[in-house]
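Structure first, then comments.
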Amino acid sequence: MSVVICAYDTRRWQALLAAVTSVQRQTLRALETILVIDHNPGLLERARGTFHSHVNVVASRGEPGLSGARNTGVRIAGGEIVAFLDDDAVAERTWLNELTSAYVDGEILGTGGQVTPSWPAGGPPRWLPREFDWTVGCSYRGLPTAAGPVRNPIGANMSFRRDVLEGAGGFTDGIGRIGHRPLGCEETELSIRARQAHRRGAIMHVPAARVRHTVSPDRLGWRYFRARCFAEGLSKARVSAEVGADGALSSERTYTLRVLPRGVLRGLRDAATGKPSGLLRSGAIVAGLLITSAGYLRGRLAAR
């Protein structure tokens, strides 16, 4: 098992230290920890001066962005399995044990686990529905709670067989976060291509593989929520163009037709029992869906 952490922002230094430390404290020792610095010479110098033989610090050799950085880590990884941890996430001590447990089945292509939000003081905004915790990079209401196959894992907590990553051609540049631009879905697009190449293969959700994902204060406002939803729509449009709408939107159909309506009703029921925040959450669900749909339409038109 090789662990790849990608970093791009000096302001997240303390979170990065915690992420690396959590990998070093695993009950299952990783073959190596690879820290990829995404086109930030100052952060690269600081990381090389801090981490020594126990962490392989390298500069990204790809295009700027998370996809290019992850591909750099995959190219130099020596493990049969490559795990990915965000630079602002902390893995529980049994993370690698749990994440690798499913690979006893030779048909398993990749695995992913639970991403729990670590909120700033005061907790999440009252208006933010759990159905939209994906906007802050965490597991959300509507994801499976038991172990089983899924279309794709969450990027902050996932692993793949290295030969699957190499066979699929790695992560696609232009999909996924680039600096502070809140794009995503690079792991979705790669997972779909991996499944297309291995029809009998599966990607497993392993809820016991848990990480805590730091939610920074700048992600708690309406402005970020709106930007993240619109960017998600743009990203899904790009994935649809790459691998087809059927695969790109398979999970989203269930989410839109079942999970979100239940969330709206739940919020309305709370409001009817004297909890005004329920009405705010219902409104945020409707707004989030509309904004994400607008981003998707904009992305499809741009592609045409």
Side-chain angles (χ1 to χ4, degrees), residues 8-9 11-16 18-19 66 85-90 92 113-145 154-157 176-185 188 207 210-236 251-252 254-296 298:
Y8 69 96
D9 192 347
R11 291 172 295 180
R12 294 161 71 155
W13 178 254
Q14 293 302 319
L16 176 60
L66 186 53
L85 179 70
D86 272 12
D87 64 336
D88 55 355
V90 173
E92 293 194 2
Q114 187 78 8
V115 183
T116 303
S118 181
W119 302 103
R126 296 172 60 205
W127 57 266
L128 180 63
R130 284 191 56 204
E131 289 81 1
F132 276 79
D133 277 357
W134 55 264
T135 60
V136 293
C138 297
S139 299
Y140 54 91
R141 179 180 281 136
L143 283 180
T145 57
I154 296 177
N157 177 8
R177 184 174 288 270
I178 302 175
H180 293 282
R181 290 175 58 194
L183 298 170
C185 297
T188 301
R210 293 184 291 265
V211 306
R212 298 190 312 278
H213 192 248
T214 299
V215 181
S216 55
D218 62 298
R219 298 187 179 189
L220 299 183
W222 171 254
R223 182 176 180 180
Y224 181 83
F225 179 83
R226 182 182 62 201
R228 181 68 186 88
C229 288
F230 192 79
E232 182 73 6
L234 291 174
S235 300
K236 283 293 190 300
S251 298
E252 286 69 22
T254 301
Y255 174 75
T256 300
L257 297 176
R258 297 182 184 178
V259 176
L260 294 188
R262 291 172 183 168
V264 171
L265 291 175
R266 187 181 298 109
L268 293 177
R269 284 197 302 267
D270 286 349
T273 57
K275 300 176 182 177
S277 60
L279 190 60
L280 296 176
R281 292 196 306 274
S282 293
I285 289 174
V286 174
L289 175 60
L290 292 175
I291 295 168
T292 305
S293 300
Y296 179 79
R298 173 68 177 275

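Values below: all heavy atoms of this structure, side chains included; hydrogens, waters and symmetry mates excluded.
For the atom pair CG (Leu16) and CG (Leu85), the distance works out to 9.5 Å, reported to the nearest 0.5 Å. The line from CD of Glu92 to CZ of Arg212 is 6.5 Å long, rounded to the nearest 0.5 Å. The distance from the CG atom of Leu290 to the CD1 atom of Ile285 is 12.0 Å, given to the nearest 0.5 Å. From Phe225, atom CZ reaches atom CD1 of Ile291 across 6.5 Å, with rounding to the nearest 0.5 Å. Rounding to the nearest 0.5 angstrom, the gap separating the CG atom in Asn157 from the NE2 atom in His213 is 10.0 Å. Atom CH2 of Trp134 and atom CD1 of Ile154 lie 11.5 Å apart (nearest 0.5 Å).
The two atoms that bring Ser216 and Pro120 nearest to each other are C-CG, 4.3 Å, heavy atoms only. The minimum heavy-atom distance linking Gln114 with Pro207 is given by the pair CB-O, 3.5 Å. Nearest heavy atom pair, residue Arg141 against residue Tyr255, reads O-CE1, 4.3 Å. Taking all atoms of both residues into account, the shortest heavy-atom contact from Ala156 to Gly137 is CB-O, 4.4 Å. Taking every heavy atom of both residues into account, Asp88 and Ala15 meet most closely at CA-CB, 3.9 Å. When all heavy atoms of Tyr224 and Asp218 are compared, the closest pair comes out as CB-O, 3.6 Å.
Counting heavy atoms from C-beta outward, Leu128 and Asp133 have side chains that approach closer than 4.5 Å. Side-chain contact between Arg228 and Phe132 is absent, with no heavy-atom pair separated by less than 4.5 Å. Side chains of Asp86 and Val115 form no contact here, defined as non-hydrogen atoms less than 4.5 Å apart. Residues Thr116 and Val211 are not in side-chain contact: their nearest non-hydrogen atoms beyond the backbone lie 4.5 Å or more apart. Between Cys229 and Thr135 the shortest side-chain heavy-atom distance falls below 4.5 Å. Looking at heavy atoms from C-beta onward, Pro276 lies out of side-chain contact with Trp127 at the 4.5 angstrom threshold.
Identified under the side chain to side chain donor-acceptor pair (under 3.5 Å) test for residues 278-295, with sequence neighbours left out: Asp270-Arg281, Ser277-Arg281. Sequence neighbours left out, the pairs with a member in residues 255-267 that pass salt bridge (Lys or Arg N to Asp or Glu O under 4.0 Å) are Glu131-Arg266.
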> Would Trp119 and Leu220 count as a side-chain contact (heavy atoms from CB on, under 4.5 Å) if you check the C-alpha gap in whole Å, the side-chain angles of each, and the deciding distance to 0.1 Å?
Replying inline: CA-CA 9 Å; Trp119 302 103; Leu220 299 183; 3.7 Å; yes

